[in-house]
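To find a chain, count down the sequence lines: A is the first, B the second, and so on, and within it residues start at 1.
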Amino acid sequence: MSDIVEKTLTALPGLFLQNQSVGGPAGVKASFSSRLGGLVRGITALTSKHEEEKLIQQELSNLKATVSAPATTLKMMKECMVRLIYCEMLGYDASFGYIHAIKLAQQGNLLEKRVGYLAVSLFLHENHELLLLLVNTVVKDLQSTNLVEVCMALTIVSQIFPREMIPAVLPLIEDKLQHSKEIIRRKAVLALYKFHLIAPNQVQHIHIKFRKALCDRDVGVMAASLHIYFRMIKENPSAYKDLTGSFVTILKQVVGGKLPVDFNYHSVPAPWLQIQLLRILGLLGKDDQRTSELMYDVLDESLRRAELNHNVTYGLKALTYVIQQDPTLALQHQMTIIECLDHPDPIIKRETLELLYRITNAQNITVIVQKMLEYLHQSKEEYIIVNLVGKIAELAEKYAPDNAWFIQTMNAVFSVGGDVMHPDIPNNFMRLLAEGFDDETEDQQLRLYAVQSYLTLLDVENVFYPQKFLQVMSWVLGEYYYLLDKDTPEEVLTKLYKLLMNASVSSETKAWLIAAVTKLTSQAHSSNIVERLIQEFTISLDTCMRQHAFELKHLRENVELMKSLLPVDKSCEDMVVDASLSFLDGFVAEELSQGAAPYKPHHQRQEEKLSQEKVLNFEPYGLSFSSSGFTGRQSPAGISLGSDISGNSAETGLKETNGLKLEGIKKLWGKEGYLPKKEGKTGDETEAPPVPQESIIMETVDQTLIKKDQCQVLTQSKEEKEKQLLASSLFVGLGSESTVNLLGKADTVSHKFRRKSKIKETKSGETTSAHNRTCSYFSSSSNATYEDGYYLDTLQDRGDKELNKLSLNSGLLDSESLTELPSVEKLSNCKLSSSPSLFTDNSMEGFQPSQSTALSVANETSLAASLLEETSEHMHSDLVEVCHNETISLSSFKIWKDDCLFMVWSVSNKSGLELESADLEIAPAENFKITEQPGCRLPIIEAESIKTFQYSVQVEKPFTEGNLSGFINYQMMDTHSVQLEFSVNLSLLDFIRPLKISTENFGKLWLSFANDVKQNIKVSESQAALPSALKTLQQKLRLHVVEIIGNEGLLACQLLPSIPCLLHFRVHGDVLALWFRSSCSTLPDCLLYQCQKVMEGS
Amino acid sequence: MIKFFLMVNKQGQTRLAKYYEHVEINKRTVLETEVIKSCLSRSNEQCSFIEFKDFKLICRRYAALLIVVGVNDTENEMAIYEFIHNFVEVLDEYFSRVSELDVSFFKAVSQVFLSTWQSTGVVLIRFYF
């Protein structure tokens, strides 16, 4: 019955269409064929794109004249609109008609309105400014008594609607959920689905009504609500577990054919509905045995009824997924796979390779990689190349059978992948060569082989290698040429020189080349080529090359220094640099005594400049917002005025080291006597690759299997045999269950070349870097019990020691200005180009954050000094225990500082034993930036004592609920390490601070912000009074009350670090009208949500 | 999620285009040209699903008319493949016998269908009148 009503409703416009013209389909044709039909036929008849363009341009100019003529009736307008739609669909701009489309939707009769809405939905997009003009029409139509008009309005809302105007129509649409007509209910659900997509916070309160829609007696409404549920469950599966039963029941009914026959598609009951339901059940049952059990029956039933389809790719895809679960299954289909591999369709071929990639193991690697390379040589599309090259590199790294194969494969990867491949590939390759793996002699052989192969490659005349490949070559030659044991590197220098002179080599690559030359020069005694090179490049126009050439020239004059600076085979080791430039102290003192102005850090200079401007600024609200936002971040205590020289330079030193040491940067320069490698090795031995015996057995089993196969098919053609052979080489090692994990995804795979985790090394290894020490000194010096006023009292004292150590280090290195060379080198490289490469990439990483960390270091210095007052001065939460066991207990609390959220975790050792080490690691979270070093290591926690870890947390983008998780790792004497996980909830409110601005400033800012959200919320009577509402907002949300005018209030706050948000609110009876504005698009939404929560909660 | 729905003829002329995600008009032309090229170059024996950049194309040919649907990674290819057929069946029934020219004639009408039945890029249960 309901279907019939629906059919009539939707057929209405069609009927109108027919009635208006002569009647019947033929009549429609006639009215259209005059204009649109003529246009379409005209275009079809044309042969060239050029003619088409001419025709359409002419059509468009005709249309333009017609639509803007005042005499044009709405009926004519409708006809024009259809033609405009067609022109725009062909890719020609028809923007002059947009406004007329909106007008048509506003003014036309039913049919004209329909065309108007259709045109709007095709022409405009969600952020189009003209869309706002449509809002009124939509609101009017939603209230119309004509069902067709309501339907049209709902349709347009579910297609495009300006996000900020949602509150205007939301109540109307909610009402429609109770409408007596199914089609209206369904469209209302779809409109709400759209709102959920673009502004989930605004429809949060209607969740209950969605449940009603799910239970609607009409299948269409229920099906529409599934889309909303799919999204909501995807975000938070645990909240909807109770609905599993309902979904299962629905699926049972669908599969059981309980739906009207109408919904059958080729006798399958509502297949798309089934798919959607299965997706939802998949989300609900994931990692949840109990919930999953509820669905087994129905899943079995659906599977039984589903007809299998035989589109090959699809089958392969399915197989690929299945194989992830059980690789042995691939064996049953091996001949199909082989056939697919030779399939003329490249797409099927690629899917096959994808499958092969999953079943790769140490035994079939060579064949599979060969197949992949073959495909790679044929394909032209960049996307495929990038993808495939990455896979080959990954496989080669994991399963390479021997050195020669590995290097040759990588050579192929580099020369084909060229400059499009992911920068990680060459980076990883070089890191692998540098860091080596378990066996030192094998390492050397690999390196030696690489050097030899590159030398041969460079010998070939007239071959152009991609820039990335050349960079890899030059790095390897520079680092490991010495392995060749030749007296002089003259031969390779000649080659490098030739490349340097080659015009087709990019300047970035040239920097790599000259770096290699520099390294080689330290091994050579004298070389004409180097001299020639210096001569050529000291006059080069390229600043970077000139810099390199000068460095090389000066270094050559001091061979001893050069050798210490560029030691052989020390590329993995970090070099200590006196970044504080303390050797310049004397010079600075001298200059100061001669009357030079003391150095001021950049931010201080800016601040001064700003304050000077303030004096001259006569505008009443000249104080710009950003300045107030930034001053908060610079704590004055961290800025020394430069009167104390060593203090000053040390501060910059701290910043520098911080910047340099941020990541696991690969250094090209090393220092003697540093042994992080040893440690890494012992670690690796423990997880030595599994014994290959099993795989050998397996292989024989496999071969016997294949032999059996071959016996059975003795009459097979030669071709078939070849295929069999291929199959046996491809599927070797897949037979037995006891085999190594074949998926390559799990960590248990024995990598042939295993990379050591550099990050781990820096974290756990003995670290000489100044930054790490500062870091641990910050944390270890705060090892006091959590009590007010027991913080970091010795900090100042230790700080001084730290500085002493720093300058001590600088004393160790040779003096002369050359000590700063590596950093200069990095800088110049950094400027070189923005295209990612190992070197530039790292130095960029190293340098960019240093600005912000510099600030934070400055903060910390002050923080350390002032932490004593901190806890009493700032609001802070109670100490909450986040995890514990019999040995330790971890508690945390938040300090809401003015410029950041400061999280303190305190570890208390409850046992009577000393903890050897304790490690707190915070997992990187999506929305947050944890400004301090994420891993901290306290060497020792004594018995029954407490130590604390401190992190400052910043938000990267607004959110509603967040959570910071991590784990603590500790080790007791003679026992293995224990790991405890914990997580702490963060709310947006943790990052909201009052923004103290004047009313004038408020007005000014209000106008400048583009993003706003309005919402009315009902509150209880006690809340409705302005003062109490204000109080709640002020206290719970930390908003600053700017001014109160009658029953309106102005409030302001900022999201740290400095995103302002303004709130205007008005009390009207028991309704609170809230209006948020901000420069950030998502912040108002999130704040509104918090506001609602607070007002409802109180 | 469906990203776009395209109907083109054998000559590569666009007959109908509907985007469910905003794409700038000049980018549309480029995208359509590429999509049509990669679909038309395929023979009937070849697979109907194409991985194209970061999304998937599902194409189905009806005489001189080619229907291409672009979907994102989470969409099921087979579901869309059948959905296209469903769509054509509906057109066929509605216009008694649909031909390429009919489609262009009644493009506006079929637009109405498309917009009504799969508003935000999700496939509802099926088409019906």
Engaged part of B:E32 at the chain A interface, taking heavy atoms whose separation is under 4.5 Å: side chain

What is the ring orientation for B:F83 with B:F5, classed by angle as parallel under 30°, tilted 30 to 60°, or perpendicular over 60°? perpendicular

Between A:E112 and A:Y117, do the side chains contain an N or O donor and an N or O acceptor separated by less than 3.5 Å? no

Just by distance, no angles: are the side chains of B:Y19 and A:H125 close enough, under 3.5 Å, to form a donor-acceptor pair? no

Please answer whether the main-chain N or O of A:G91 pairs with a side-chain N or O of B:R28 as donor and acceptor at a distance below 3.5 Å.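 No, B:R28 side chain to A:G91 backbone: no donor-acceptor pair under 3.5 Å.
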
Under 4.5 Å to a heavy atom of chain B? For A:E126 that would be neither

Under 4.5 Å to a heavy atom of chain B? For A:Y92 that would be backbone

